[in-house]
A.B. asks: 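Encoded as structure tokens, here's the structure I'll be asking about.
Residue numbers count from 1 along this sequence. Note that the coordinates shown come from a computational prediction; the quantities given were computed from them, not determined experimentally.
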Amino acid sequence: MHYLAEGLRLPTNALDYTILILYFVVVLGVGFAARASVKTSLDFFLSGRSLPAWVTGLAFVAANLGALEILGMAANGAQYGVYTVHWYWVGAIPAMVFLGLVMMPFYYGSKVRSVPEFLLHRYGPSSHLLSSIIFSVASVLIAGVNLYAMAIVVEALLGWPQWVAIVVAGLFVLAYITLGGLSSAIYNEVLQFFVILAALIPLTVVGLRRIGGFGGLKDSLTDSHGPNFVSAWGGTGIGSSNPLGANWLTIVLGLGFCLSFGYWTTNFAEVQRALSAKNLSAAQRTPLIAAFPKMFIPLIVVVPGLIALVMEPDIGSKTSGLQYNDAIPLLMSELLPNGVLGLAVTGLLAAFMAGMAANVSSFNTVFTNDIWRAYVQKGRPDGYYLLTGRVVTAIGVLAGMGTAFIASSFSNIMNYLQTLFSFFNVPLFCVFIIGMFWKRATAAAGFWGLLCGTVAAMINYFWLYLGDVIAIPSDQGANFVSAIVAFVVGGVVMVALTPFTKPKPVESLAGLVYGTTAPGVAEPPAPGDEAWYRRPAVLGWSALILAALCYIPFSL
């Protein structure tokens, strides 16, 4: 990620800083209020499985609506145009519906505390330990990237030194998660979701008025970049060229299936919110409720990137002092008055903290339960693991601060993150989905499928793509291809090894494989959950239909 332009320093005043201080006070207050409910390790790591679906649903979408998405997707909108909406309506909604309708009954019904723990029950300790280590390292790295991204934005907008922004935000996240555990993180994420909306909606509305509405936006971009730039599917035929460097096949398979399903169904930073729900129905509805606001996020994230391109046509060019990453700060500096400006800065900080808190809270759960409790200190009293979780939270935040200071070594953070997802999330999804639908899949096949899929994606990216052995137009296009390679290789290895290795006894797979039910998993609907608008199937199909309808105005 490039440093933001120095000329974007915001004219903040005492009113703006007052709003910012009030936000931090409320965040800490939520942490202290949630502390009273933390009495066991289950309370700390999964909120005692007691939260209502609307809370976990909003936290689910807020955990993903971090500053990397806000800045990165606005930057992608300015660089790639309307193609960016694919990350939402193809690259998110179908996978979120699949998680709610198909995978949550396995996760929640098996009473696991984490995604890697499900692998322990399905495949055994080898796959479990490998996935736990990979996820723990990735969580700390991504938390650090969030902190670093926040630091360069705050430095550009407010003039704070990077190290000050990193330390201040890191300590606040450490304080409220250590105090209240996951409950504190989730309730703050709900608060942060509304703060982010309050920051981005005025930015979009005022920006559209400045350029003549959606009609003026489309006409300006069509004149300057051609009709395909304002069409989601224009120029995506196989053999055609477009700014995204991908065709409809790699978009659908690479992004829409492999990357999307790999991220949304196996990323514990998201799944953890659903696992904290009060019952199976609420757990299933968590990603489905989140899908509805998620499908409208492009209007306040991607559209501002397009507006910035109209207002500053040279943004991102070598002759301009502005990078694509400057899109949101540019609009803030140009369009918002004091007071609203303070709210917008607070919204950006809330987004950074939401993204970091999601990764830290999932890191402390996986490290404590799936590494420390499972392999280092077994059979200790529950209070010991509660204390361990708090200590690990501090270690995770401090480690995130450390990785934030070295994150500048990566020239493009968004591409780097997408590359990580293709390496690790996609092979994990392959192993999950085959194990969930094929009883015969063995522990050895799961481990080697996970390992070989990861290695194959790395070979495709580092040797075939970066070595110019095969021609792929862009880094994002290469990530789509790497995701397809990871899934195919992982699946082939699993299918090839399974006949030659010993499967687990069928009775041990109850509740872990489709068509089997563990004792006590089936539960009657909770009072009020029988209503049609609370049925997961109704919510899921409604989300898919609405997502398809959203494509219509962006495809004409």
A.B. asks: Dump the intermediate steps for side chain to side chain contact (heavy atoms under 4.5 Å, CB included) on L22 and V26, then the final yes or no.
C.D. replies: CA-CA 6 Å; L22 285 174; V26 172; 5.5 Å; no
A.B. asks: Report the C-alpha distance between F60 and E189 in whole Å, list the side-chain angles of each, state the deciding distance to 0.1 Å, and finish with yes or no for side chain to side chain contact (heavy atoms under 4.5 Å, CB included).
C.D. replies: CA-CA 8 Å; F60 189 97; E189 284 163 0; over 6 Å; no
A.B. asks: Of all heavy-atom pairs between A283 and P287, which one has the smallest distance, and what is that distance?
C.D. replies: O-CD, 3.3 Å
A.B. asks: How many angstroms lie between CG in L539 and CG in L101, if you round to the nearest 0.5 Å?
C.D. replies: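 Interatomic distance, L539 CG to L101 CG, rounded to 0.5 Å: 8.5 Å.
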A.B. asks: Verify the distance criterion only: is there a donor paired with an acceptor across the side chains of N76 and Y324 at less than 3.5 Å?
C.D. replies: no
A.B. asks: If you define the side chain from C-beta out and look only at heavy atoms, does anything of E270 sit under 4.5 Å from M96?
C.D. replies: no
A.B. asks: Please give me the minimum heavy-atom distance between A543 and A291, naming the atom from each residue.
C.D. replies: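 Smallest interatomic distance, heavy atoms only, reads CB-CB, 4.1 Å.
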A.B. asks: Minimum heavy-atom separation for M104 and L275, please, with both atom names.
C.D. replies: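 Shortest heavy-atom separation between M104 and L275 comes out as CE-CD2, 4.0 Å.
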A.B. asks: In Å and rounded to the nearest 0.5 Å, what is the OH to CG distance from Y80 to L306?
C.D. replies: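 Y80 OH to L306 CG: 14.0 Å, rounded to 0.5 Å.
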A.B. asks: Is there side-chain contact between T393 and V360, with at least one heavy-atom pair below 4.5 Å?
C.D. replies: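 In contact.
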A.B. asks: How about T84 and F554: do any of their side-chain heavy atoms sit closer than 4.5 Å?
C.D. replies: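 Side chain of T84 against side chain of F554, heavy atoms only: no contact under 4.5 Å found.
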A.B. asks: State which residues pass side-chain hydrogen bond (donor to acceptor under 3.5 Å, both in side chains) with S114; sequence neighbours excluded, sorted by chain then number.
C.D. replies: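 Testing S114 for side-chain hydrogen bond (donor to acceptor under 3.5 Å, both in side chains), a comparison that skips the adjacent residues, returns D370.
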A.B. asks: Using a 4.5 Å cut-off on heavy atoms from C-beta on, say whether the side chain of L191 contacts that of N188.
C.D. replies: yes
A.B. asks: Does F424 have its ring centroid less than 6.0 Å away from the ring centroid of F429?
C.D. replies: no
A.B. asks: Is it true that the side chains of T368 and R113 contain a donor and an acceptor less than 3.5 Å apart?
C.D. replies: no
A.B. asks: With a 4.5 Å cut-off on side-chain heavy atoms, are F257 and V90 touching?
C.D. replies: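 Side-chain contact under 4.5 Å: no.
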A.B. asks: Report the distance from atom CD1 of I300 to atom CD1 of I70, rounding to the nearest 0.5 Å.
C.D. replies: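 The distance works out to 7.5 Å.
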A.B. asks: With sequence neighbours excluded, give me every salt bridge (Lys or Arg N to Asp or Glu O under 4.0 Å) pair touching residues 75-101.
C.D. replies: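 For residues 75-101: none.
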A.B. asks: Can the ring centroids of H86 and Y551 be said to lie less than 6.0 angstrom from one another?
C.D. replies: yes
A.B. asks: Can the ring centres of W233 and Y83 be said to be less than 6.0 Å apart?
C.D. replies: no
A.B. asks: Measuring from atom CG of L299 to atom CD1 of I201, what distance do you get when rounded to the nearest 0.5 angstrom?
C.D. replies: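 Separation between the atoms: 9.5 Å.
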A.B. asks: Given 3.5 Å as the limit, does a donor-acceptor pair link the side chain of S260 with the main chain of G91, or not?
C.D. replies: yes
A.B. asks: Short question: side chain of S362, backbone of N359 - any donor-acceptor pair under 3.5 Å?
C.D. replies: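 Such a contact is found between S362 side chain and N359 backbone.
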A.B. asks: Might you work through the side chain to side chain contact (heavy atoms under 4.5 Å, CB included) test for K294 and W264, ending with a clear yes or no?
C.D. replies: CA-CA 12 Å; K294 181 69 176 178; W264 290 102; 3.8 Å; yes
A.B. asks: Which pair of heavy atoms, one from N479 and one from L259, lies closest together, and at what distance?
C.D. replies: O-CD1, 4.2 Å
A.B. asks: Any chance you could lay out the side-chain hydrogen bond (donor to acceptor under 3.5 Å, both in side chains) test for N64 and Y263, step after step, and finish with the verdict?
C.D. replies: CA-CA 11 Å; N64 180 253; Y263 177 81; 3.0 Å; yes
A.B. asks: Between F135 and V115, is there a side-chain heavy-atom distance shorter than 4.5 Å?
C.D. replies: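 V115 does not reach F135 side chain to side chain.
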A.B. asks: For the CD1 atom of I289 and the CH2 atom of W54, what is their distance to the nearest 0.5 Å?
C.D. replies: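 Atom-to-atom, I289:CD1 and W54:CH2 are 10.0 Å apart.
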A.B. asks: Does T56 have any side-chain hydrogen bond (donor to acceptor under 3.5 Å, both in side chains) partners at least two apart in sequence or in another chain, and if so, which?
C.D. replies: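 So T56 forms a side-chain hydrogen bond (donor to acceptor under 3.5 Å, both in side chains) with T286.
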A.B. asks: Could you check whether any side-chain heavy atom of W541 comes within less than 4.5 Å of a side-chain heavy atom of L544, counting everything from C-beta outward?
C.D. replies: yes
A.B. asks: Parallel, tilted or perpendicular, judged at 30° and 60°: which one describes the rings of W87 and F480?
C.D. replies: tilted
A.B. asks: Please name the pair of heavy atoms, one in E69 and one in I297, separated by the smallest distance, quoted to 0.1 Å.
C.D. replies: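 What the structure gives for the nearest pair is OE2-CG2, 4.0 Å.
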A.B. asks: Could you tell me whether the side chain of F261 reaches within less than 4.5 Å of the side chain of L99, counting heavy atoms only?
C.D. replies: no
A.B. asks: Drop me the distance from R285's CZ to N279's CG, to the nearest 0.5 angstrom.
C.D. replies: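 It is 6.5 Å, given to the nearest 0.5 Å.
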A.B. asks: For Q192 and Y23, does a side-chain donor sit closer than 3.5 Å to a side-chain acceptor?
C.D. replies: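 On atom types as modelled, these side chains qualify, holding a pair under 3.5 Å.
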A.B. asks: Side chain of S220, backbone of L217: donor and acceptor closer than 3.5 Å?
C.D. replies: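 A pair under 3.5 Å: no.
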A.B. asks: Does the side chain to side chain contact (heavy atoms under 4.5 Å, CB included) test come out yes or no for F229 and V82, once each step is laid out?
C.D. replies: CA-CA 6 Å; F229 197 80; V82 174; over 6 Å; no
A.B. asks: What pair of heavy atoms forms the shortest contact from V97 to L288, and how long is it?
C.D. replies: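 That closest heavy-atom pairing would be CA-CD2, 3.6 Å.
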A.B. asks: For the backbone of C550 and the side chain of W89, can you confirm whether one donor and one acceptor N or O come within less than 3.5 Å of each other?
C.D. replies: no
